[in-house]
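This is a predicted model, so every value here is computed, not measured. Reminder, nothing fancy here: chain letters follow the sequence lines and each chain counts from 1.
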Amino acid sequence: MKVKYTLIKKDKNTQGRLGTIKTNYGTFETPMFMPVGTQATVKTLSPEEIKALDAGIILANTYHLCLRPGEDIIAKAGGLHKFMNYNGPILTDSGGFQVFSLANPKDITEEGVTFKSHINGDKLFLSPERAIEIQNKLDSDIAMCFDECPPASADYNYMKASIERTLRWAERCQKAHHNPQQSLFGIVQGGYFEDLRKYSATQTVKMNFDGYSIGGVANDNESKENMYQAIEYSAPYLPKDKIRYLMGVGDPIDIIEGVIRGVDIFDCVIPTRLARHGHAYTKRGKINILNNKYKEDFTPLDECNCYTCQNYTKSYIRHLIVANETFGSRLLSIHNLNFLINITKEIRTAIKEDRLLEYRDNFKELYYGKDKT
RNA sequence: GCGGUAUUGGUGAAGUGGUUAACACGCCAGAUUGUGGCUCUGGUAUGCAUGAGUUCGAUUCUCAUAUAUCGCC
């Protein structure tokens with residue numbers, strides 16, 4: 001069956017939405033943050049640890065999995081869920097972003113994209129049909145359309161031509177899609193151009209996808225204001241009874257601002273990448289556990305109910321990261337993912353009580369300190 | 001005891017009679033937004049064993065001392 005979104009309640013003062021998503025692998029509440037498991041694993045975590053975080057859904061990647069181990073092997077294993085022993089909902093990204101962000105040289109034609117494998121330099125080709133074929137075989141719960149993800153700095157004419165092509169590719173994706181157990185989401189692009197975002201959104205919605213995502217807002221080093229603006233240009237044109245997914249966004253404050261603008265789900269590599277590099281989120285801002293001041297700090301990372309904070313100290317985690325022990329990355333990954341998922345939990349409560357804006361202001365005051373906002 | 005060689009930051013070391021003493025590791029700090037899993041960017045010796053001398057100028061040349069190391073008795 002296709003995923004089913006149910007809107008439970010809207011925040012009175014914002015576009016914030018409380019809802020549920022029903023899938024073949026269970027139902028979860030939204031807003032929700034999706035941990036990223038590019039290569040069929042959320043780096044350093046076991047499926048049991050992911051489940052313990054109350055992660056409603058995780059993300060895996062078409063590009064990486066078709067290169068290695070190959071979608072046929074995963075299909076032979078019985079699909080992605082069985083292959084990785086994860087029996088919760090999984091969304092697969094189409095590979096569109098990776099082709100543009102890390103495979104080069106880029107040779108983009110109407111037919112698709114020719115690129116070199118980052119693993120061994122093999123010349124490969126990804127098209128809408130191919131991206132869907134792979135995702136059908138992976139048998140994820142939600143597949144994404146294969147889109148072009150141009151840099152936010154692209155000029156108006158390039159962006160316009162690009163979203164037209166992404167729309168044509170979206171139609172091809174829909175035609176190629178043959179897995180009745182799998183939903184397919186369309187992707188809105190258009191950079192920071194209001195009319196292009198509106199056009200991309202309305203045209204994509206006309207195709208009647210199972211859900212919609214907003215892409216292209218987390219590519220460059222753009223300002224947060226631009227990002228929020230791009231969401232505001234897109235979200236109002238998306239149907240109320242379908243999921244809205246903001247791709248690649250996961251800074252704590254960006255999640256809150258995204259929900260305020262009507263987004264339901266997010267994904268981002270940043271909590272796990274920061275963890276591997278020794279950073280931890282706390283209610284009072286991001287900390288670098290490598291800092292000397294934590295050397296003899298025998299308190300937990302934060303006031304927090306996660307496995308890491310219940311059992312380990314900053315001093316110990318710092319030692320592990322300094323010594324390059326993988327258990328350190330794991331403890332920080334658990335904490336950082338728990339932190340973001342917990343934010344979505346607090347957001348849901350705030351929407352129930354119509355105080356999402358108040359929640360945001362309180363969060364910012366504590367997270368950034370009183371001086372900055 | 002005699003003779004040789006050496007002594008540069010936390011570590012391993014490069015180097016020159018003359019502006020800011022290379023590089024690496026470490027250390028300190030920062031970055032990271034649909035993940036190429038140990039990445040990227042900064043900072044980090046006011047001083048070249050100590051003392052004296054030669055010189056316009058010495059970490060670089062000379063002498064003494066200390067320490068280390070090798071060889072010989």
- A:Y86 six-ring centre to A:K51 NZ/CZ under 6.0 Å and within 45° of normal: yes

- Any side-chain N or O of A:N288 under 4.0 Å from OP1/OP2 of B:A29? no

- For A:D93, report the nucleic acid contact type (base, sugar-phosphate, nothing); a contact means any heavy atom under 4.0 Å. base

- Using a cut-off of strictly less than 4.0 Å, decide whether A:R273 has a side-chain nitrogen or oxygen near OP1 or OP2 of B:U33. yes

- Query: Which nucleotide, in any strand shown, forms a Watson-Crick or G-U wobble pair with B:U20, with both distances under 3.5 Å?
  - Reply: none

- Message: Both A:I321 and A:C145 contact RNA chain B. Taking the nearest nucleotide for each, which residue is further toward the 5' end?
- Response: A:C145

- Message: Going by purine N1 to pyrimidine N3 plus the second Watson-Crick contact, or the G-U wobble pair, all under 3.5 Å, which nucleotide sits opposite B:G3?
- Response: B:C70

- So what does A:S329 touch, heavy atoms closer than 4.0 Å: a base, only the sugar-phosphate, or nothing? nothing

- Indicate whether OP1 or OP2 belonging to B:G37 is found under 4.0 Å from a side-chain N or O atom of A:R330. no

- Message: Using a 4.0 Å heavy-atom cut-off, does A:D254 contact any base of the nucleic acid, only the sugar-phosphate backbone, or nothing at all?
- Response: base

- Message: Angle between ring planes, A:F363 versus A:Y367, binned at 30° and 60°: parallel, tilted or perpendicular?
- Response: parallel

- Give one of base, sugar-phosphate or nothing for A:T326, where a contact means two heavy atoms less than 4.0 Å apart. base

- Message: Looking at A:D251 and B:U33, is any side-chain donor or acceptor paired with a base atom of the opposite kind under 3.5 Å?
- Response: no

- Task: Using a 4.0 Å heavy-atom cut-off across all strands, classify A:L274 as base, sugar-phosphate, or nothing.
- Result: base

- Query: A:E148 and A:T166: side-chain donor and acceptor closer than 3.5 Å?
  - Reply: no

- Message: Students often mix this up, so state it plainly: with edges at 30° and 60°, are the rings of A:Y312 and A:F327 parallel, tilted or perpendicular?
- Response: perpendicular

- Item | Pairing partner of B:A52 (Watson-Crick or G-U wobble, both distances under 3.5 Å) | B:U62

- Message: Any N or O donor-acceptor pair under 3.5 Å from the base of B:U32 to the side chain of A:K286?
- Response: no

- Assign A:D147 to base, sugar-phosphate, or nothing according to its heavy-atom contacts below 4.0 angstrom with the strands shown. base

